[in-house]
Amino acid sequence: MAILVGPWLTQPTHAQTLTMRAALSRALAASPRLTAAERDVGIATGQRIQAGALLNPELSYEQDNSLGSGIYRGTRSAETTLQISQAFELFGKRDARIAAGAAGIEVAAIQRKAVRLEVLSETAIAFLSVLGAQRRIQILDEQITAIDRLTPLLRRRVEAGASSPAETGRAEVASALVKADRERFKATLASARRELAVLMGDPAAKFGEVSGRLDTMGKPPTFQSVVAAIDANPQLVRWTAVYAQRNAELLMARLRPYPDVRIAAGWRHFNETNDDAVRLSVSVPIPVFDRNQGNILSAQESLAKTRAEREANRNTLIVIAGRAYDSLQGSLRELAVLRETAIPKATEAAEAISQGYGQGRFSLLEVLDAQASVSQARLREQEALQNFHAGVAIIEGLVGNPFTLAREGAR
């Protein structure tokens, strides 16, 4: 499947700017969730090592027939035994533990991949939010500049008696309202920058502007291909390892009632005759009262639950992918309308009305309304572009296909 990779991933680095590639790299290096996932791999590795450990032998010392009365007073008639014993696990119990431990490592390793994709996707979306907010502020700045350009012409018209002095105030109000919108977007930009900084491990934004382009887009794949590719997502792949782990745990539960053998060998000394003898013993527990039925049932249900859990997880991913896919498709349709009709027509009308205003054919209100229409159309375009690329980032994270950076370098 050809997954979409936005052009913002390959932008050149500029001084004091932050690129998508750099943001993703820093986020991978600083993510505490990824660090925690790596520790989970270490924990599972330790459990696997412990699962393969052999049982320790036991050393025991016994003294009989001593410290009593009569001929057993003191230790003259004592019998002293020094013994070492070893339990032997039978029926593949140790192998089952090792298999469960190995599956646990695989589960943790796959989960780490899932977390890595989540970090990349979240960072990409945060980067896009900053980039989109920057562009919106630029559009509003251009609108303010366009309004301010009218001031000299407006004054000349007022001096010539062609316009009312009230129009000067109207232009100032229009400029002030756009500036108020710009301040609102600046607050949005500050929040977006802070969120991106936190993802990169900084409590506050220490970077300048972010650099990238949103105006180039690729053709999205079909939703059916997205759904088919979701099965490669680590969140779903891990269920295969979870199934193996739970299957090994069920085997462990079934094998537990089977008795192990304990063999002991020792040396016994008889103080009364000063003789020595060898002591041998074999012990086997009898599984009469505890046949581990409860743990077996629990393990069986846990194994049967795995398929349902995987399907529930898959359904959740499909819903998330569907929302992202519908969003990017809607953004494409919106962009088509804006670029084919709204923006060019609004721009054409604004230019014609601005020229006509200088000739006295249009009022200031019509000029301001035309300029506002252009700005609103361009703002809508930027919003649609951001939504498109955010949808791409979400889908890339869900289908299991990593970003370019994720293929080139690892944490």
Which pair of heavy atoms, one from [X] and one from [Y], lies closest together, and at what distance?
{"X": "A44", "Y": "A108", "value": "CB-CB, 4.2 Å"}
{"X": "A100", "Y": "E249", "value": "CB-CG, 4.4 Å"}
{"X": "V107", "Y": "V242", "value": "CG2-N, 3.5 Å"}
{"X": "S121", "Y": "G397", "value": "CB-CA, 4.5 Å"}
{"X": "Q386", "Y": "S129", "value": "NE2-CA, 3.5 Å"}
{"X": "W267", "Y": "D276", "value": "CZ2-OD1, 3.1 Å"}

How long is the gap from [atom1] on [X] to [atom2] on [Y], to the nearest 0.5 Å?
{"X": "N247", "Y": "M252", "atom1": "CG", "atom2": "CE", "result": "12.0 Å"}
{"X": "T306", "Y": "E301", "atom1": "OG1", "atom2": "CD", "result": "11.0 Å"}
{"X": "S327", "Y": "L332", "atom1": "OG", "atom2": "CG", "result": "9.5 Å"}
{"X": "I395", "Y": "I230", "atom1": "CD1", "atom2": "CD1", "result": "8.5 Å"}
{"X": "Q300", "Y": "K305", "atom1": "CD", "atom2": "NZ", "result": "15.5 Å"}
{"X": "S281", "Y": "I263", "atom1": "OG", "atom2": "CD1", "result": "9.0 Å"}

Salt bridge (charged side-chain N to carboxylate O under 4.0 Å, His left out) between D326 and R323, worked out: CA-CA 5 Å; D326 292 340; R323 290 173 182 168; over 6 Å; no
Under the 3.5 angstrom rule, does the side chain of [X] hit a backbone N or O of [Y] as a donor-acceptor pair?
{"X": "S175", "Y": "A171", "value": "no"}
{"X": "N313", "Y": "E309", "value": "no"}
{"X": "R94", "Y": "G52", "value": "yes"}
{"X": "D202", "Y": "A204", "value": "no"}
{"X": "N233", "Y": "L398", "value": "yes"}
{"X": "S354", "Y": "A350", "value": "yes"}
{"X": "S302", "Y": "S298", "value": "no"}
{"X": "R48", "Y": "G101", "value": "no"}

The single option from K179, R136, R182 passing side chain to side chain donor-acceptor pair (under 3.5 Å) against D141: R182
Can you confirm whether [X] is buried at [atom1], in the sense that more than 12 heavy atoms of other residues, nucleotides or ligands lie under 6.0 Å from that atom?
{"X": "F91", "atom1": "CZ", "answer": "yes"}
{"X": "R291", "atom1": "CZ", "answer": "no"}
{"X": "Q50", "atom1": "CD", "answer": "no"}
{"X": "K113", "atom1": "NZ", "answer": "no"}

Could you tell me if [Y] and [X] have a donor-acceptor pair between their side chains, going purely by distance under 3.5 Å?
{"X": "R279", "Y": "T81", "answer": "no"}
{"X": "R238", "Y": "Q111", "answer": "yes"}
{"X": "Q371", "Y": "R149", "answer": "no"}
{"X": "E118", "Y": "Q235", "answer": "yes"}

Close side-chain approach of [X] to [Y], heavy-atom, < 4.5 Å:
{"X": "L59", "Y": "L82", "result": "yes"}
{"X": "V210", "Y": "T19", "result": "no"}
{"X": "L131", "Y": "H389", "result": "no"}
{"X": "L140", "Y": "I137", "result": "no"}
{"X": "D64", "Y": "R268", "result": "yes"}
{"X": "M200", "Y": "F207", "result": "yes"}
{"X": "E142", "Y": "T145", "result": "no"}
{"X": "V130", "Y": "L189", "result": "yes"}

Stepwise side chain to side chain contact (heavy atoms under 4.5 Å, CB included) test for N387 and L328: CA-CA 6 Å; N387 290 339; L328 69 86; over 6 Å; no
Residue pair Q382, R378: steps toward the side chain to side chain contact (heavy atoms under 4.5 Å, CB included) verdict: CA-CA 6 Å; Q382 291 304 311; R378 294 173 64 196; 5.8 Å; no
Pair L55-F88, side chain to side chain contact (heavy atoms under 4.5 Å, CB included): steps then yes or no: CA-CA 8 Å; L55 297 176; F88 294 91; over 6 Å; no
Evaluation steps, salt bridge (charged side-chain N to carboxylate O under 4.0 Å, His left out), between R310 and D231: CA-CA 10 Å; R310 182 191 182 279; D231 289 328; 3.4 Å; yes
Verdict with supporting geometry, V226 and V399, side chain to side chain contact (heavy atoms under 4.5 Å, CB included): CA-CA 7 Å; V226 171; V399 300; 3.9 Å; yes
